[in-house]
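One structure below.
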Amino acid sequence: MRTNKFLYTVVAVSVMACAIPAEAANPNSARIHHSMKQQQAQIAETNPLLRESKLPFGAPDFNVIKPTDYLPAIKYAIQQKRDAIRRITENKQKPTFENTVVAYEESDVLLDRVTSIFSGIAGAHKTPEIAATQTEISPLLTALENEIMFNKELFQRIKYVYDRQYKKLKGEDKKLLGEIYRKFVHAGALLSEEKMARMKEINMRISELQQQWGDILPEATNTAVVWVNSKEELAGLSDADIAQCKKDAESRGSKTPYCIVIVNTTQQAILTNLQNRQLRKRVFEASVHRADGTRQFNTFPIVVEIARLRAEKAAIMGYENYASYSLSNTMAGKPDNVYSFLRQLITDYNPKADAETKAISDYAKKKEGNAFELQPYDRFYYSAKMKEDTYQLTDDEIKPYFNLDSVQQNGVFYAAHRVYGLSFKQRHDIPTYHPDMKVFEVLDREGNTIALFYSDYFRRPTKRGGAWMSGFAKQSGLRKQIPIIYNVTNYAKAPEGQPTLITWDEVCTLFHEFGHALHGILSNCKYNTLSGTAVARDFVEMPSQFNESFASIPEIFDHYARHTETGKPMPEQLKQKMLKSINFHAAYALGENLAATCIDMAWHMLSANEIPSAEKAPEFERKALVDVQLLNSQIPPRYSTSYFNHVWGSGYAAGYYSYLWTEVLAVNIADCFAARGALKPEVGQSFRDKILSRGNTRDLMEMFTDFTGMQAPDASALLKARGVE
């Protein structure tokens with residue numbers, strides 16, 4: 001997943017000052033104003049977030065930043081942005097690109113820096129103190145955005161420049177003006193006063209609900225932990241996995257000697273090896289019912305209210321539904337194009353899924369008897385056993401070759417070195433917000449520092465689920481700012497003194513998230529707004545999905561897949577069996593993604609009066625899957641409605657399809673690399689120059705065509721690449 005940027009782009013009601021002049025309302029206002037200025041000056045002098053970092057490359061100084069620093073720093077930065085906007089609107093000179101558009105672009109330098117740092121903490125190390133701060137900060141930021149998006153004087157100046165200069169400008173200047181103008185229009189800057197007022201109310205309420213979601217879902221997932229009384233119940237797990245279950249139980253108060261932690265997706269990877277069927281059922285049901293009211297938590301009231309407000313927002317903007325409104329700024333353009341794409345995949349997928357399920361069911365019956373009925377919590381277990389029999393291959397044979405440190409250093413970093421000429425030097429002198437993090441200085445072929453990269457790979461109770469990329473600072477030529485990028489995952493950390501071994505899926509996740517990181521690291525743009533991953537949702541996942549392709553290229557694979565004890569590469573026979581097995585029963589992965597995508601679309605194709613009640617939300621999800629022929633108990637959605645964070649807590653509403661959409665782009669680009677020489681520096685340089693460094697400075701399809709030579713993506717390549725043929 002892309003960025004976890006703190007949502008100050010979700011707008012809310014205005015908290016602008018009263019129109020009555022302060023001097024008239026209070027004769028002591030001058031003294032009060034002077035006192036406030038003194039207080040602000042003191043905050044600016046003493047708060048480390050408001051001072052330029054003295055660390056190399058402007059890295060955040062987590063040694064001196066305290067949790068109590070964030071709220072006053074953000075309040076101060078908000079006021080600084082308000083002052084900057086006021087200076088633009090009060091400017092008596094004729095609006096120009098420089099005094100209006102560039103001034104607006106640079107109005108949030110301080111706020112962007114502070115909120116970017118806070119965002120990283122709020123996502124990956126959300127202590128109770130940080131959570132309380134986030135609750136207080138969220139409405140302040142959304143209120144500020146509302147003030148700006150519905151500031152008529154500001155918009156009129158931007159519109160004046162757009163009407164008179166857009167066609168004359170070139171390059172990034174033209175793109176910046178177009179993006180800013182469209183952002184205001186998309187937010188509702190052309191609405192009537194009455195509709196603007198309602199939009200402010202809607203935006204504020206959505207912000208509040210998303211904050212509630214962000215508080216409830218992690219707690220629901222942590223609470224859904226499955227407690228286990230004895231080691232015998234964990235039969236089938238490796239010694240390392242059992243040790244992890246023991247460690248997880250200890251970190252959660254040792255209610256029982258062992259526990260199984262629930263991860264963010266519906267299916268749980270631990271079911272692959274767990275022999276105890278009753279325990280498999282408990283784990284699966286804990287996952288699917290974590291937030292649907294069956295247990296302690298119920299997110300459905302939040303879901304239906306957000307959906308209803310989004311639908312109303314779209315109607316105010318003149319769209320039939322929220323999907324149409326949201327997709328208007330993407331490559332897909334409109335829902336019909338998304339559904340056409342999905343229908344083609346579903347038609348080809350369903351027969352493969354049915355055949356795959358039958359094969360697993362038949363295999364399980366051979367093992368357990370003809371009366372055995374395969375359940376969704378059985379699928380991973382028997383599929384793994386079938387795979388083991390087919391390829392004479394077990395996870396225990398493979399895992400020792402996937403040492404996390406080696407995968408990062410000798411795989412992810414090595415591929416970036418071979419393809420883009422990058423080198424990575426670990427910096428022990430740059431502080432982090434948690435001891436598990438590492439910091440690397442990124443250098444180009446000439447030895448110039450181009451970025452800092454932080455990695456935070458291990459799960460902990462204060463970290464939300466999943467994996468993502470974002471940055472403490474985006475690249476900007478105008479600001480003379482190098483990118484400071486981070487990746488976050490949720491891998492189980494091995495006991496002290498032991499190497500952390502990961503699965504093949506986790507290897508791919510590491511390459512995936514680093515693909516996003518490269519999009520930020522290699523950015524070479526003038527403006528912050530256009531740099532790095534600031535592209536449409538249905539393009540942003542392309543670099544990450546493409547970067548996964550390097551994980552299985554033989555030269556890269558051999559460089560990192562080395563035995564954690566002997567250092568020897570994976571034997572050729574074992575490697576070939578493993579690589580052949582990658583797409584074994586591949587229909588499942590495609591099907592869970594398709595189902596989640598269609599749930600997302602279904603919710604956002606509704607008008608406000610069609611949104612079901614919270615009680616009927618599960619029934620709505622079921623019908624949505626029936627309608628697209630994807631209701632399949634054996635292949636449930638990757639995320640169900642009640643824990644679909646991409647859609648209700650992040651920026652992927654009516655946008656989850658983008659993972660499949662961009663996978664097509666990624667496969668097409670990987671084919672180009674393979675044809676031209678996947679590890680040839682000149683091919684990597686071309687991709688870097690034409691796509692990775694360009695951010696959102698050009699039309700996205702033009703960039704794709706420029707590199708591939710293709711006038712349009714070829715969707716037929718996706719199923720072949722997935723092994724679903």
Side-chain angles (χ1 to χ4, degrees), residues 265-267 271-272 284 288 332 335-368 370 372-391 504-505 508 545 548 579-602 621-640 656-668 670-671 713-725:
T265 54
T266 297
Q267 275 290 14
L271 301 183
T272 301
F284 181 80
V288 297
D336 284 351
N337 292 336
V338 174
Y339 274 111
S340 178
F341 170 69
L342 293 174
R343 277 193 292 269
Q344 180 184 347
L345 290 177
I346 292 168
T347 298
D348 293 336
Y349 151 83
N350 269 330
K352 309 298 181 185
D354 292 343
E356 184 175 291
T357 297
K358 184 177 186 305
I360 298 171
S361 179
D362 290 346
Y363 176 85
K365 286 181 177 180
K366 286 180 183 178
K367 295 289 184 180
E368 308 295 344
N370 286 333
F372 184 84
E373 293 292 333
L374 188 74
Q375 298 298 326
Y377 47 82
D378 298 318
R379 188 184 186 97
F380 273 24
Y381 181 77
Y382 288 102
S383 176
K385 296 301 178 188
M386 190 175 176
K387 178 179 175 180
E388 183 179 331
D389 286 352
T390 302
Y391 294 102
W504 172 251
D505 282 346
C508 292
Q545 302 210 64
E548 290 183 46
L579 292 175
K580 286 179 182 177
S581 73
I582 287 173
N583 285 328
F584 184 73
H585 289 169
Y588 183 93
L590 178 58
E592 66 169 356
N593 199 319
L594 282 168
T597 296
C598 290
I599 288 171
D600 170 31
M601 289 297 294
E621 177 177 306
R622 179 182 174 83
K623 183 178 184 304
L625 293 175
V626 168
D627 289 346
V628 291
Q629 298 181 304
L630 286 175
L631 182 65
N632 186 334
S633 64
Q634 279 294 317
I635 308 180
R638 183 170 177 83
Y639 304 100
S640 194
Y656 195 70
Y657 77 93
S658 61
Y659 282 94
L660 290 170
W661 185 280
T662 53
E663 191 175 348
V664 170
L665 306 179
V667 169
N668 292 165
D671 288 344
D714 177 14
S716 66
L718 176 60
L719 293 180
K720 180 180 179 181
R722 283 254 184 173
V724 185
E725 295 183 282

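Given the structure is predicted, the values throughout are model-derived calculations rather than measurements. For this chain, numbers begin at 1 and follow the sequence in order.
Smallest separation of non-hydrogen atoms from Ala595 and Pro637: CB-CA, 3.8 Å. Shortest non-hydrogen contact noted between Asn668 and Ala717 is ND2-CB, 3.9 Å. In terms of heavy atoms, Asn583 sits closest to Ala721 at ND2-O, 3.6 Å. Considering every non-hydrogen atom in both Ala332 and Asn337, the closest pair reads O-ND2, 2.7 Å. Nearest heavy-atom pair across Leu660 and Leu718 is O-CD2, 4.3 Å. Of all non-hydrogen atoms in Phe372 and Lys365, the two that sit nearest each other are O-CE, 3.2 Å.
Residues Met601 and Tyr656 form no side-chain contact, since every pair of their non-hydrogen atoms from C-beta on lies 4.5 Å or further apart. With contacts defined as side-chain heavy-atom distances shorter than 4.5 Å, the pair Ile635/Tyr349 qualifies. The closest side-chain heavy-atom distance from Lys352 to Leu719 is not below 4.5 Å. Between Gln267 and Phe284, the closest side-chain pair of non-hydrogen atoms falls below 4.5 Å. Looking at heavy atoms from C-beta onward, Leu271 lies out of side-chain contact with Tyr381 at the 4.5 angstrom threshold. In this structure the side chain of Asp378 never reaches within 4.5 angstrom of the side chain of Ile360, judged on heavy atoms.
Using modelled atom types, one finds no donor on one side chain facing an acceptor on the other under 3.5 Å when comparing Tyr639 with Asp600. A side-chain donor from one of Tyr382 and Glu368 sits under 3.5 Å from a side-chain acceptor of the other. Side chains of Glu592 and Thr266: a donor-acceptor N/O pair is absent below 3.5 angstrom, by distance only.
Annotation: the span from Ile582 atom CD1 to Leu579 atom CG amounts to 4.5 Å, rounded to 0.5 Å. The structure places OG of Ser658 at 11.5 Å from CD of Glu663, a figure rounded to the nearest 0.5 Å. Here the straight-line distance linking atom OG1 of Thr597 with atom CH2 of Trp661 works out to 12.5 Å at 0.5 Å rounding. In this structure, OH in Tyr588 is found 9.5 Å from CG in Asn632, a value given to the nearest 0.5 Å. A distance of 11.5 Å separates CD of Glu621 from SG of Cys598, quoted to the nearest 0.5 Å. With rounding to the nearest 0.5 Å, the separation of CG in Asp671 from CG in Asp714 is 8.5 Å.
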**OP:** Apply the test side chain to side chain contact (heavy atoms under 4.5 Å, CB included) to residues Leu342 and Val628: give CA-CA distance (whole Å), side-chain angles for both, the deciding distance (0.1 Å), then the verdict.
**Re:** CA-CA 9 Å; Leu342 293 174; Val628 291; over 6 Å; no
**OP:** Using the ring pair (Phe, Tyr, Trp, His ring centres under 6.0 Å) rule, take Phe584 and Tyr391 through it: C-alpha gap first, then chi angles, then the decisive distance, then the call.
**Re:** CA-CA 10 Å; Phe584 184 73; Tyr391 294 102; 5.8 Å; yes
Subject >> Test side chain to side chain contact (heavy atoms under 4.5 Å, CB included) applied to Tyr657 and Val338, step by step >> reply: CA-CA 7 Å; Tyr657 77 93; Val338 174; 3.8 Å; yes
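Without hydrogens or angle criteria, Thr347 side chain to Arg343 main chain gives a donor-acceptor distance under 3.5 Å. For Asn593 (side chain) and Tyr659 (main-chain N/O), no donor-acceptor pair under 3.5 Å exists by modelled atom type. At least one donor-acceptor pair closer than 3.5 Å links the side chain of Thr390 to the backbone N or O of Met386.
Ion pair Lys367/Asp389 flagged as a salt bridge, since at least one NZ, NE, NH1 or NH2 atom sits closer than 4.0 Å to an Asp/Glu carboxylate oxygen. The existence of a salt bridge linking Lys623 and Asp627 is confirmed by a sub-4.0 Å separation between a basic side-chain nitrogen and an acidic carboxylate oxygen. Ion pairing between a basic and an acidic side chain is recognised when a charged N comes within 4.0 Å of a carboxylate O; Asp362 and Lys366 show no such pairing.
Put simply, the residue from His585, Gln634, Arg379 that forms a side-chain hydrogen bond (donor to acceptor under 3.5 Å, both in side chains) with Glu356 is Arg379.
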